[in-house]
Amino acid sequence: MARILITSALPYINGIKHLGNLVGSQLPADLYARYARARGHEVMFICATDEHGTPAEIAAAKAGQNVAEYCAELHQVQADLARGFGLSFNHFGRSSSARNRALTQHFAARLGAAGLIEEVSEKQVYSPTDGRFLPDRYIEGTCPNCGYERARGDQCEECTKQLDPTDLIDPRSAISGATDLEVRETRHLYLRQSKLRDTLDQWVDSQKGWPVLTTSIAKKWLHDGDGLQDRGITRDLDWGVPAQFEGAPWQGMEGKVFYVWFDAPIEYIAATAEWADAHGKDEAAWRRWWRTDEGAGDVRYVQFMGKDNVPFHTLSFPATLIGSGEPWKMVDYIKSFNYLNYDGGQFSTSLGRGVFMDQALGILPGDYWRWWLLSHAPENSDAEFTWENFQASVNKDLADVLGNLVSRVTKFCRSKFGEVVPEGGSFGAREDQLIADFRTRLQAYERHMEAMEIRKSAAELRALWVLGNEYLQDAAPWSAFKTDPDMAAAQIRLSLNLIRFYAVLSQPFIPEASARMMAALNCDDWSWPEDPATALGTLPAGHAFEVPDVLFAKITDDQRAAWAAQFSGTG
RNA sequence: GGGCCUGUAGCUCAAUUGGUUAGAGCAGAGCGCUCAUAACGCUUUGGUUGGGGGUUCGAGUCCCUCCGGGCCUACCA
C-alpha cells in the first residue's frame, strides 16, 4: 500500500467547461484516483476552481455581480457538474480561500527572503473608462502587419504575428471599446526563475518516463533563446491574493494581487489544507501529504493537465517550491494531454460549438461520456469527437458487450433458477481456461492503469468483457440446462460472479454503472480480484439478486442526428 | 520564422523502442447460436505504413528531403 497524491489542473472559474477540458485533466485524474483506491492505496485527490484574474472580474461584471458572489456561484455549478461526472475528489477547493491566501503570501515572502523576487517597473496599458489595466489580449486594434482590424494586443489572429499592444493602430479596450487608453508606469514583482534554471533543468533531467509532451515543453522553455525568463507574478487587480501583506519583504504593492499562475498551483496545497479544515482534521493531516519532513517522504505525487499547463507545472511551480528553501513535496510524474477537437474544429465557447459539461449531462449520464472520453483520451495527439464515433462506441462497448452480458446472464438465471445464485455442478476445463485468460488480461489491465496508459487500459477492460461473452457462447448454459441442469447451474453461478468481477474492474471508468451492477447483485464486496479464481467465487450459491434495468440504453440514429445539429454552433 | 508532435486498413488506434508474415476494435461479407438491449460467438475481405531517397543483414521504427494535419512560442487561464 502506497500513498498517492493526485492533482488535476484547476478549471478556471469563468463559465462551464467543455468535454475537452474535462478529458484533459479532471477525468483521467479521477480514473487514476479511483484505480489507486481500488487497489488499496491511500489517495488524496485534489482539485479546485481557479478563481482569480481578469477574466473572472469581467465575467462577473457582465453577469452584474460582484466577483466574490460570481465565483461562489460558479464554484457551486462546477462542483455539481463534477459530481454528475462522478469525479471523486477528496476535496474540490477554491483558489480564493483563506488557506490559499496565507500560503501564497507565505511562498512569496520566502522567495523574497531568498532573493528570488525582484521589483520591476514597467509600462502597461491603462483604460480609464474600464478603470483597470488591460492585459495585452484585452486590447484590440488594427494589425500593423496585415491590417486586420480586430487584432489582439498579444498576437494578430489573422497573420499570427506577435504584437505588443503599443504596435496596434487605433487601439481600443476589448471590454468596453474605449479608445482613451493610456500607457502608465506600474511596478510589479518578478519571480527570478532564471536563477533556478540549472536546478530546474537537472530536476527535469532526473525524471524518468515522463511523456514526451511534458519534457519537450519544459526543455523548450528552459533552453529557447536566452533560456528561462523571469516572470511577473503580480497584476494590477482587485480580485486576488494581495501582494502587500504583513511581513512582506517589499513595500508599495498596495492595490496589486498575485498573478493567477503564481497562486493557482499553490492552491493544490491549500486545497489539501481546506480538506483538513472541512473534515475537522489538524495541520499534520494535510502536511503529511506535502512536507517531506512531516511525512510526505513516501508520497507519490502525480499531476494531470492539458498541454497548455505544462510550463507552469514543470517550471514556475517547481521554482516556487524549490525557491522557498523548504522541503515541499515535488511532483513525481506529470501526465499531460493534447486537445480534444469537436467534429473537425475546435470547441468554442463563444460560438456555442461543441458539448459542454452541463449539456452533456442533460443528454446522457456521466458514465457514457466517461467511457468515450477516456477510451479516446488525446494522449499521443489531438483527438476528435464525432457523434458517429460516440454512438458506435457507446452502443457497441457499453450496451452490447457489457450491458447485454449482464442482461443475458441475469435474465437467463431468473427464468431457469430464479433470482438466486444457483447451486450444484462443478467447474471444468472450460472454466479453468477462462480463469487463466483472466489472469493474463487482468495483469495487462493493471499494468496499463499503473502506467496511466488510458486508451490501452480501456481496450484491455473491453477485452475482459469480451471474454465473458466468449465463455457464455462456448458454455451455452441454455443448451446444457436441457441435458445437465447442474452444469448449467455452475456456469451461471460463475457468470453471476463475472458481473461482480466486471463491476469492480470497471468502476474506475464507469462508477455509476458499476454501482448499479453491484446493487443488483446485493453485493458490496468491492475488493480487487487479486486472484480471479477466488474472486469468481465471491457470490455463494443461494445468494439472492435482482435483474437490473438495462445498464446502458443505445443511442438511436435519430438522437445522434438531433444532437449533431443541436451542438454544431451554426444555429 | 523557430521548436515540438503527428501521418499505419473505409473509420478510431496498436506494434515489446531496429527484429519473423504490420495487429485490434468499429464498419463490410459469410456462417453459427437463440440466454440476451435484433444482442453474442466463429470465420473472413481489406495496408507499396503520406511521397521520394539513404543507413542497415534487417526500417512503420533511424537519417535526409518533399507534402499534409496539429500544438507551443512566455500578458488567456
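Lettering follows sequence order; numbering is per chain, from 1.
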How are the rings of Phe390(A) and Trp369(A) set to each other: parallel, tilted or perpendicular (split at 30° and 60°)? parallel
Would you please classify the geometry between the Phe385(A) ring and the Tyr342(A) ring as parallel, tilted or perpendicular, with 30° and 60° separating the classes?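 Tyr342(A) and Phe385(A): parallel rings.
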Of the listed nucleotides [options], the one nearest the side chain of [X]:
| X | options | value |
| --- | --- | --- |
| Pro55(A) | C75(B), A77(B), U37(B) | A77(B) |
| Ala383(A) | C40(B), C75(B), C13(B) | C13(B) |
| Lys220(A) | U37(B), U12(B), G3(B) | G3(B) |

Ionic contact status for Asp400(A) with Lys554(A), cut-off 4.0 Å: yes
If you find the nucleotide of RNA chain B closest to Val550(A) and the one closest to Asp50(A), which residue's nucleotide is nearer the 5' end? Val550(A)
Taking for Arg235(A) and for Ala553(A) the nucleotide of RNA chain B with the nearest heavy atom, the one nearer the 5' end belongs to Ala553(A)
For [N], does either OP1 or OP2 sit under 4.0 Å from a side-chain N or O belonging to [X]?
| X | N | result |
| --- | --- | --- |
| Tyr339(A) | C72(B) | yes |
| Tyr259(A) | A77(B) | yes |
| Arg455(A) | C13(B) | yes |
| Lys456(A) | A15(B) | yes |

Give me the distance, rounded to whole Å, that separates [N] from [M] when you measure between the [atom1] atoms they each carry.
| N | M | atom1 | value |
| --- | --- | --- | --- |
| U44(B) | C26(B) | P | 15 Å |
| A74(B) | G3(B) | C1' | 14 Å |
| U49(B) | A59(B) | P | 12 Å |
| C42(B) | G25(B) | P | 9 Å |
| G69(B) | G51(B) | C1' | 16 Å |
| U16(B) | G7(B) | P | 13 Å |
| G53(B) | A29(B) | P | 39 Å |

Phe133(A) and His188(A): ring pair (Phe, Tyr, Trp, His ring centres under 6.0 Å), yes or no, with the steps? CA-CA 13 Å; Phe133(A) 281 92; His188(A) 281 295; 7.3 Å; no
Atom-pair distance ([atom1] on [X]; [atom2] on [N]), nearest Å:
| X | N | atom1 | atom2 | result |
| --- | --- | --- | --- | --- |
| Ile58(A) | C76(B) | CD1 | P | 12 Å |
| Glu453(A) | U16(B) | CD | C1' | 12 Å |
| Asp557(A) | A27(B) | CG | C1' | 13 Å |
| Leu237(A) | C76(B) | CG | C1' | 13 Å |
| His448(A) | U16(B) | NE2 | C1' | 10 Å |
| Trp221(A) | U73(B) | CH2 | C1' | 8 Å |
| Arg447(A) | U16(B) | CZ | P | 13 Å |
| Trp465(A) | G41(B) | CH2 | C1' | 18 Å |

Scan nucleotides 30-36 of chain B nucleotide by nucleotide, 5' to 3', and note B when protein non-hydrogen atoms come under 4.0 Å of the base, S if they reach only the sugar-phosphate, - if neither. --BSSBB
Is there any protein nitrogen or oxygen under 3.5 Å from a nitrogen or oxygen in nucleotides 24-26 of chain B, and what are the pairs?
from	atom 1	to	atom 2	distance (Å)
G25(B)	O3'	Arg462(A)	NH2	2.8
C26(B)	OP1	Arg462(A)	NH2	3.3

By salt bridge (Lys or Arg N to Asp or Glu O under 4.0 Å), which residues pair with Lys456(A), not counting sequence neighbours? none
Can you tell me how far OG1 of Thr186(A) sits from CG of Asp236(A), rounded to the nearest 0.5 angstrom? 3.5 Å
Let's see if you get this right: which residues in residues 305-318 of chain A place a heavy atom under 4.0 Å from RNA chain B? Lys307(A), Asp308(A), Phe312(A)
Which dot-bracket notation, 5' to 3', represents the base pairing of RNA chain B when pairs are defined as Watson-Crick or G-U with both distances under 3.5 Å, crossing pairs as [ ], and inter-strand pairs as |? (((((((..((((.....[...)))).(((((.......))))).....(((((..]....))))))))))))....
Any donor and acceptor pair, going by atom type alone, linking the side chain of [X] with main-chain N or O of [Y] inside 3.5 Å?
| X | Y | answer |
| --- | --- | --- |
| Tyr445(A) | Leu505(A) | yes |
| Asn469(A) | Val401(A) | yes |
| Asp474(A) | Tyr471(A) | no |
| Trp371(A) | Ala458(A) | no |

With salt bridge (Lys or Arg N to Asp or Glu O under 4.0 Å) as the rule and sequence neighbours excluded, what pairs involving residues 485-497 of chain A come up? none
Any idea if U16(B) is syn or anti, going by the 90°-from-0 cut?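 Glycosidic conformation of U16(B): anti.
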